[in-house]
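Report on one structure; see the data block that follows.
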Amino acid sequence: MKKIYWLFGLLTFVIGQPLLLYYPKIGLNILMGMLVPIVMSYINIEIIDYLSRTKGNFITFGFNMIQFISKSIFMIGMTYLGVVVLELDFRIFVPILSFTWFTFHVLEAFFTQKIIESSWK
């Protein structure tokens, strides 16, 4: 599962970085709208993996509950940063950010479910 994160993260970086030089707004949309949520999601699955190995399922489940608040703050902050600070077009940036976040949020859910199920065996 972690290979998917590395693959998409590297692909997004390889596409977004050159575009940042030639078409800065498009490059920022890709890097801020796709790469940052992928990295955030990867950090979350690493924390989930660590917690499940060291603290058990109950703490992992609690961390998943707290993630709702932290991910909400993250999405609000990223939207503010992209639209207000970087002045990206909200009609492009917000759907890219939301789609990427949702996709990797679902992958996190499957990853967490797999970890919890494997620890019950």
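Computed from a prediction, not measured in an experiment: that's the story for all the values here.
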Below 30° counts as parallel, above 60° as perpendicular, anything between as tilted: where do the rings of Phe104 and Tyr5 land?
tilted
Would you call [X] and [Y] a side-chain contact if the rule is heavy atoms closer than 4.5 Å?
X	Y	result
Lys71	Glu108	yes
Asp49	Phe111	yes
Leu86	Phe93	no
Leu107	Ile4	yes
Leu88	Ile92	no
Met40	Met78	no
Ile115	Thr60	no
Val36	Leu31	no

Identify whether [X] and [Y] are in the same connected component of the hydrophobic contact network (ILVMFWY, side-chain heavy atoms under 4.5 Å).
X	Y	result
Val84	Val94	yes
Val14	Leu7	no
Leu10	Ile15	no
Ile47	Phe68	no

Distance-only, no hydrogens or angles: does the [X] side chain make a donor-acceptor pair with backbone N or O of [Y] under 3.5 Å?
X	Y	value
Lys55	Tyr50	no
Thr100	Pro37	no
Ser70	Gln67	yes

Nearest 0.5 Å, please: how far is CG in Asn64 from CD1 in Ile48?
4.5 Å
Going from CG on Leu35 to CZ on Phe8, what distance comes out if it is rounded to the nearest 0.5 angstrom?
13.0 Å
In terms of side-chain heavy atoms, does Tyr42 have a donor or acceptor partner in Glu46 at a distance below 3.5 Å?
yes
Consider side-chain contact (heavy atoms from CB on, under 4.5 Å). Of Val83, Thr79, Leu97, which one does Phe90 pass it with?
Val83
